[in-house]
2 protein chains.
Amino acid sequence: MNKQQLIDNIRRKQSFLCVGLDTDIKKIPEHLLAEEDPVFAFNKGIIDATADLCVAYKPNLAFYECLGVKGWQALEKTVKYIRQEYPDQFIIADAKRGDIGNTSAMYARSFFEDLKVDAVTVAPYMGEDSVTPFLGYDGTWVILLALTSNKGSHDFQLTEDKGGERLFEKVLRKSQEWAGDDRMMYVVGATQGRAFEDIRKVVPGHFLLVPGVGAQGGSLEEVCKYGMTKDCGLIVNSSRGIIYAGKGEDFASAARQAAKEVQLQMAEQLKVIC
Amino acid sequence: MNKQQLIDNIRRKQSFLCVGLDTDIKKIPEHLLAEEDPVFAFNKGIIDATADLCVAYKPNLAFYECLGVKGWQALEKTVKYIRQEYPDQFIIADAKRGDIGNTSAMYARSFFEDLKVDAVTVAPYMGEDSVTPFLGYDGTWVILLALTSNKGSHDFQLTEDKGGERLFEKVLRKSQEWAGDDRMMYVVGATQGRAFEDIRKVVPGHFLLVPGVGAQGGSLEEVCKYGMTKDCGLIVNSSRGIIYAGKGEDFASAARQAAKEVQLQMAEQLKVIC
């Protein structure tokens, strides 16, 4: 999916919501455990209930890998299902990979040739040749970690160099030599508040993938106030707040209700640019 | 495996070699493609041929994930096989993971509860709460990226802060608040030469996992000269240089020959401390 298609979807659906498929077998409703593939059954329920309210889905690889072979099967089925039933969805493999060139190339092969997702989250620590192999596929995206939503983001990402540039700012600046805003996005946590102002000074036109609204306590209003561009420029993710909104057989309708509430808040925010 | 057991294995085998199982289905000998599980068949051949010459095996997750379900099956079989046949081997899942707490906890579950490896490589960019969940299992290790072997290591890892501390040095210093040298190791590329001197000033007693000897051009002599401690303190990895030493039906004996050459060089280096 290219940038304009994503922008069109956001305007049409009045939503820039990404539903995070952090599907934990230990947290899904009991009645699904009788299914042949409980994780896929749960995802299918969530996806069918929310597809008209969001523009993206973000399966978190950790939650599938921890089930080994079964987890990979559930992940593959989930991505195929979204592709077939909801082709307008932007699919993000939240993997936070990054390794030496030949290894990153293997990861890229997994995600873009086999799984066929639109984007992969990548960690910048190892630099250019750990990131560029993910850029070798047409129409796909790298979403690079910049300023994350967790407490640990303060440990290294905010370190100032001699010129006063913080590490996350250096990542934003330097990585623009590798790809433009038509191929690269950045992860910026919703919990970072006014830092969005500083980020927009370095990457005024890039889309930002914003986790941390909901369970992690970030504010949608604040994110939009400081981070939104004329093209929206934001994909805001919510995982636990939506997929675990309901604990029982009503899990899908409860997820829809939770997603609808976020979508309405987003429509409100989009009035500024639409 | 604890630190003393690892040191004992190194002294007994006169080797601190880790064989990297970067098994690329596109590079293994043709005759193995007829096997039910060619990747496992290749790994088994390599392992049986090298187990007495090395102290560790390091499957690189990228090479298994890119085969989807089949890849995970091959990985699980490989780890189980090493555990059963060669219980004195230190098994490293080279995954370079790192995410917010609840996600890192899921990755940790995969590697330590299910796969049952001894160690996982972790990326430090997201800070403390992305690393500590990997420390929640007895007798297991985190191997944190510090100064990697690739060209991109210069992009961010060498950035100096206002006090003149480079990012990789801050990672080494800060992470010692999370675990000691009995639970944590660091990845330092063999291509970094004299930087090992600076690294030993910050982590004099920690084991270092050193990739980059062989295909990437690092020098074993230089690594030992600047990085070796009285307990060795080094696990030096070679992947392509050993597992692809032979291209045909002799791949295992060729790998053994290549591993033997490295082991003899290591025995020479160990004379200093034994």
Side-chain angles (χ1 to χ4, degrees), chain A residues 22 24 60-63 65-69 71-73 76 94 96-107 109-111 113-115 123-132 145 148-157 159-162 164-165 167 170-171 174 211-212 215-216 240, chain B residues 22 24 60-63 65-69 71-73 76 94 96-111 113-115 123-132 145 148-157 159-162 164-165 167 170-171 174 211-212 216 240:
Chain A
D22 298 11
D24 184 346
N60 181 327
L61 275 281
F63 290 76
E65 288 189 8
C66 77
L67 300 176
V69 170
W72 270 92
Q73 287 167 328
E76 288 176 354
D94 195 0
K96 301 192 172 67
R97 300 298 195 257
D99 207 317
I100 63 171
N102 77 316
T103 301
S104 277
M106 294 298 276
Y107 279 125
R109 195 198 292 179
S110 313
F111 295 120
E113 286 183 28
D114 304 332
L115 260 187
Y125 191 76
M126 292 179 68
E128 178 171 6
D129 57 310
S130 71
V131 176
T132 49
L145 299 184
T148 57
S149 58
N150 61 318
K151 182 167 165 294
S153 65
H154 295 261
D155 291 333
F156 306 117
Q157 296 166 25
T159 303
E160 281 186 28
D161 68 13
K162 288 176 167 173
E165 184 176 48
L167 179 60
K170 184 170 187 175
V171 167
K174 184 92 183 156
Q216 294 180 64
R240 288 167 274 180
Chain B
D22 298 11
D24 184 347
N60 181 327
L61 275 281
F63 291 75
E65 288 189 9
C66 77
L67 300 176
V69 170
W72 270 92
Q73 288 168 328
E76 289 176 354
D94 194 1
K96 301 191 173 68
R97 300 298 196 257
D99 206 318
I100 62 171
N102 77 315
T103 301
S104 276
M106 294 299 276
Y107 280 124
R109 195 198 292 178
S110 313
F111 295 120
E113 287 184 26
D114 304 333
L115 261 186
Y125 191 76
M126 291 179 68
E128 178 171 6
D129 57 308
S130 70
V131 176
T132 49
L145 299 184
T148 56
S149 58
N150 61 318
K151 183 167 164 295
S153 65
H154 295 262
D155 290 333
F156 306 116
Q157 297 167 23
T159 303
E160 280 187 27
D161 68 12
K162 288 177 167 171
E165 183 176 48
L167 179 59
K170 184 170 186 175
V171 168
K174 185 90 183 157
Q216 294 180 64
R240 288 167 275 180

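Each chain gets a letter, A, B and so on, in the order the sequences are listed, and its residues count up from 1.
- Atom OH of Tyr125(B) sits about 12.0 Å away from atom NZ of Lys96(A), to the nearest 0.5 Å.
- Residues Tyr107(B) and Leu61(A) share a closest heavy-atom pair of OH-CB, 3.7 Å.
- Shortest non-hydrogen contact noted between Ser110(B) and Cys66(A) is OG-CA, 2.9 Å.
- Among Gly98(B), Gly152(B), Gly68(B), the residue making the largest number of heavy-atom pairs under 4.5 Å with chain A is Gly152(B).
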> So Asp161(A) and Asp161(B), side-chain contact (heavy atoms from CB on, under 4.5 Å) or not? Walk me through it.
Replying inline: CA-CA 4 Å; Asp161(A) 68 13; Asp161(B) 68 12; 5.9 Å; no

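- Neither the backbone nor the side chain of Val131(B) comes within contact range of chain A, judged by heavy atoms closer than 4.5 Å.
- Between Trp72(A) and Leu67(B), the closest side-chain pair of non-hydrogen atoms is not below 4.5 Å.
- Formation of a donor-acceptor pair under 3.5 Å by the Asp155(A) side chain with backbone atoms of Glu128(B) is found in this model.
- Using a 4.5 Å cut-off between heavy atoms, Asp114(A) contacts chain B through its side chain alone, with no backbone atom that close.
- Taking Ser153(B), Gly71(B), Ala62(B), Gly101(B) one by one and counting their heavy-atom pairs under 4.5 Å with chain A, the maximum is reached by Ala62(B).
- For Pro211(B), no part lies near chain A; criterion is any non-hydrogen pair under 4.5 Å.
- Counting heavy atoms from C-beta on, the side chains of Arg240(A) and Asn102(B) come closer than 4.5 Å.
- Salt bridge status for Arg109(B) with Glu65(A): absent, with no side-chain N to carboxylate O gap under 4.0 Å.
- Interface check for chain A: of the options Asp94(B), Thr132(B), Leu145(B), the most heavy-atom pairs under 4.5 Å are formed by Leu145(B).
- Note that CG of Asn60(A) and CG of Asp99(B) are 5.5 Å apart. Values are rounded to the nearest 0.5 Å.
- Residues that satisfy the salt bridge (Lys or Arg N to Asp or Glu O under 4.0 Å) test with Asp22(B), not counting sequence neighbours, are absent from this structure.
- Here the side chains of Arg97(A) and Arg97(B) are in contact, with some heavy-atom distance below 4.5 Å.
- Among Lys162(A), Glu113(A), Gln73(A), Glu165(A), the residue with the largest count of heavy-atom pairs under 4.5 Å with chain B is Lys162(A).
- Proximity to chain A (any heavy atom under 4.5 Å) is shown, for Ser104(B), by neither the backbone nor the side chain.
- Met126(A) has its side chain within reach of Gln157(B): a pair of non-hydrogen atoms, C-beta onward, lies under 4.5 Å apart.
- In this structure, Lys151(A) has no salt bridge (Lys or Arg N to Asp or Glu O under 4.0 Å) partners at least two apart in sequence or on a different chain.
- Contact annotation: the side chain of Leu167(B) approaches that of Leu167(A) to within less than 4.5 Å [non-hydrogen atoms, C-beta and beyond].
- With chain A as partner, the option from Pro124(B), Gly212(B), Ser130(B) having the largest number of non-hydrogen pairs under 4.5 angstrom is Pro124(B).
- With a 4.5 angstrom heavy-atom cutoff, Ser149(A) touches chain B only via side-chain atoms.
- Atoms CG and NE2, on Asp129(B) and His154(A) in that order, are 9.5 Å from each other to the nearest 0.5 Å.
- Contacts of Thr103(B) with chain A are made by both backbone and side-chain atoms, with heavy-atom separations under 4.5 Å.
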